[in-house]
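As structure tokens, the structure follows; a few thoughts come after it.
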Amino acid sequence: MSVEIPKTQKAIIVDYDNGPLQYKDIAVPPIKPNEILVNIKYTGVCHSDYHAWRNDWEETNLKHPLILGHEGAGIVVSMGEDVQGWEIGDYAGVKLINSTCLVCDYCQQGRETACKLQTLHGVTCDGTFQQYCATDAIQAAQLPHDIDLKSVGPILCAGITVYTGLKASEAKPGQWVVISGAAGGLGSLAIQYANCLGLRVIGIDGGKEKGEFIKQLGAEAFIDFTEANDIAKLVMEITKGAGAQAALNVTSSEASIQQSVSYVKPYGTVILIGLPPQAKLSIDVMSTVVDQVTVRGSYVGTKRDTTEAVGFFARGLIKCPIKVVGMTEVGKVFEEMAEGKILGRYVLDTSK
Ligand code: 8ID
Ligand code: ZN
């Protein structure tokens, strides 16, 4: 089967840090022997895209001109000569990790998220804010044919990341997890994955509307960080003294990360996911030692985590709360994101 591929396509291009988000006609990229070409239909907008656009993390390998985006959902339209396991017409997800070396110790252990030679869509190579994206056939996510391409995008970064982080927390069914940033793109999925894993959720975010949204998604309790003085005390009250086994931080706020280490119980785990630029964490050594608390970073997920996270979505257990807009709206999406106004996730329709 072969599909007609146009010579040019629409994309959002950025020429330099914080540069204009230009909606342009550009060439459809060529593919290498190990790549597939995915006709991206929809792509989520992650807060990491905003950080990458501004070069908040002072990433030295940031590609320019750059096409952002790493939550792409689409259809395979061509394949390089070395590609195995894919067919033209398959549904594919394009994630943050484009490729890893497959040779280093971490790749050998199936911990390829720690590979030092990984290439990243929308950071070190072009991403999914375009209609046709070339991606490594090994890391691309295989999606079932009946999946809803419009709403699966956020699973491919936000979903995989929070699912992996929740597993890393080792919290057990019936235990409490506090999710900070619960109304955002990652948080809104974290609540649902936590429920799937049998965990009880306290969501933290700001404002009444976000509180209602968080509860609709399955959190048992909401803490408004704009009003609460002592979050640790509130967590103890809500859990009736049981305390939280885990805290998952999915905010872009250093202050919130700092608070996270104050509200897990002894033997609890704090999972750091949000990536505020140049943030530092200061921990009281005595209470961390005596309470035997673990503080652990978690970064996207492996191919295996991807298959599992997509599986929950495909079985209808996770709903992505999305708003669909055209690619030309990405600047407005970034504005709302910076102001912390978004409930759930924006998804770009690449045809507009
Ligand atoms: O692999 C990773 N570690 C990974 C993967 C994907 C994204 C890390 N991230 C990072 C992003 O780069 C970003 O720094 O996770 C962070 C959150 O990404 P997002 O979910 O895409 O962002 P969002 O949709 O803007 O949601 C953030 C939420 O945090 C709330 C905001 O109100 C918003 O709902 N928030 C903030 I900002 N400060 C808060 C505070 N002090 C807070 N919620 C509670 N307390
Ligand atoms: Zn992301």
Side-chain angles (χ1 to χ4, degrees), residues 36-46 69-77 79 83-98 110 112-113 121 127-128 133 135-168 173 177 179 182 184-199 201 216-219 248 250 273 298-324 344-350:
I36 53 175
L37 186 67
V38 182
N39 175 201
I40 303 290
K41 299 290 187 191
Y42 298 94
T43 175
V45 184
C46 179
H70 55 264
E71 288 187 347
I75 301 170
V76 177
V77 291
M79 304 190 305
V83 170
Q84 291 183 330
W86 288 96
E87 303 280 348
I88 304 291
D90 280 351
Y91 282 14
V94 178
K95 313 181 281 108
L96 180 70
I97 296 185
N98 170 44
E112 74 269 18
T113 51
H121 280 299
T128 55
C133 183
T135 190
D136 188 285
I138 289 176
Q139 276 292 332
Q142 273 164 328
L143 305 176
H145 267 276
D146 54 356
I147 215 151
D148 176 18
L149 288 177
K150 195 182 279 184
S151 63
V152 70
I155 299 296
L156 298 164
C157 174
I160 295 167
T161 302
V162 298
Y163 172 66
T164 305
L166 287 163
K167 281 198 300 180
V177 57
I179 298 170
L186 268 63
S188 58
L189 299 184
I191 296 169
Q192 300 175 64
Y193 278 106
N195 283 161
C196 286
L197 298 173
L199 306 176
V201 176
Q216 272 168 23
L217 291 171
L248 197 78
V250 286
I273 290 177
S298 189
Y299 168 62
V300 287
T302 62
K303 272 175 66 65
R304 182 72 219 167
D305 299 321
T306 300
T307 304
E308 291 174 13
V310 168
F312 280 89
F313 176 85
R315 296 196 300 281
L317 299 168
I318 306 287
K319 307 275 179 227
C320 294
I322 56 163
K323 266 192 222 157
V324 183
R345 198 49 128 206
Y346 271 104
V347 166
L348 307 180
D349 176 344
T350 63

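Just so you know, these numbers use all the heavy atoms, side chains as well, and skip hydrogens, waters and symmetry mates. If you're wondering where the values come from, they're calculated on a predicted model, not measured in any experiment.
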Quick one: does [X]'s side chain get under 4.5 Å of [Y]'s, heavy atoms only?
X	Y	value
Y91	I75	yes
D90	H145	yes
M79	I88	yes
D305	T113	no
L166	S298	no
T164	V300	no
L189	Y163	no

Atom pair [atom1]/[atom2] of [X] and [Y] - distance to nearest 0.5 Å:
X	Y	atom1	atom2	value
I155	R345	CD1	CZ	10.5 Å
D148	I322	CG	CD1	6.5 Å
S188	Y193	OG	OH	11.0 Å
T302	R304	OG1	CZ	8.5 Å
I318	F313	CD1	CZ	9.5 Å
L143	T307	CG	OG1	10.0 Å

| Under the criterion side-chain hydrogen bond (donor to acceptor under 3.5 Å, both in side chains), which of K95, H121, K303 is the partner of Q139? |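 Going through K95, H121, K303 one by one, the side-chain hydrogen bond (donor to acceptor under 3.5 Å, both in side chains) with Q139 is satisfied by K95 alone.
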Might you point out which heavy atoms bring [X] and [Y] nearest each other, and give the distance in Å?
X	Y	answer
G218	N195	O-OD1, 3.0 Å
I191	A182	CD1-O, 3.6 Å
C320	S151	SG-O, 3.1 Å
A141	W86	O-CH2, 3.5 Å
E71	P154	OE1-CA, 3.3 Å
L156	I160	O-CD1, 3.1 Å

| task | Start with the C-alpha gap between L197 and V177, add the side-chain angles, then the distance that decides, and say whether side-chain contact (heavy atoms from CB on, under 4.5 Å) holds. | result | CA-CA 11 Å; L197 298 173; V177 57; over 6 Å; no
| request: For atom CD1 of I138, decide whether the heavy atoms of other residues, nucleotides or ligands shown that lie under 6.0 angstrom number more than 12. | output: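 It does not: I138 CD1 has 12 such atoms or fewer within range.
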| message | Could you check whether any side-chain N or O of Q142 sits under 3.5 Å from a backbone N or O of G85, counting only pairs where one atom can act as donor and the other as acceptor? | response |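 Side chain of Q142 to backbone of G85: a pair is present.
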| Is T350 reaching over with its side chain to a backbone N or O of K41, donor-acceptor style, under 3.5 angstrom? |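 Confirmed, T350 side chain pairs with K41 backbone.
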| message | A cation-pi test, strictly: NZ or CZ of R315 under 6.0 Å from the centre of the six-membered ring of F312 and no more than 45 degrees from its axis. Yes or no? | response |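 Verdict for F312: a cation-pi partner in R315.
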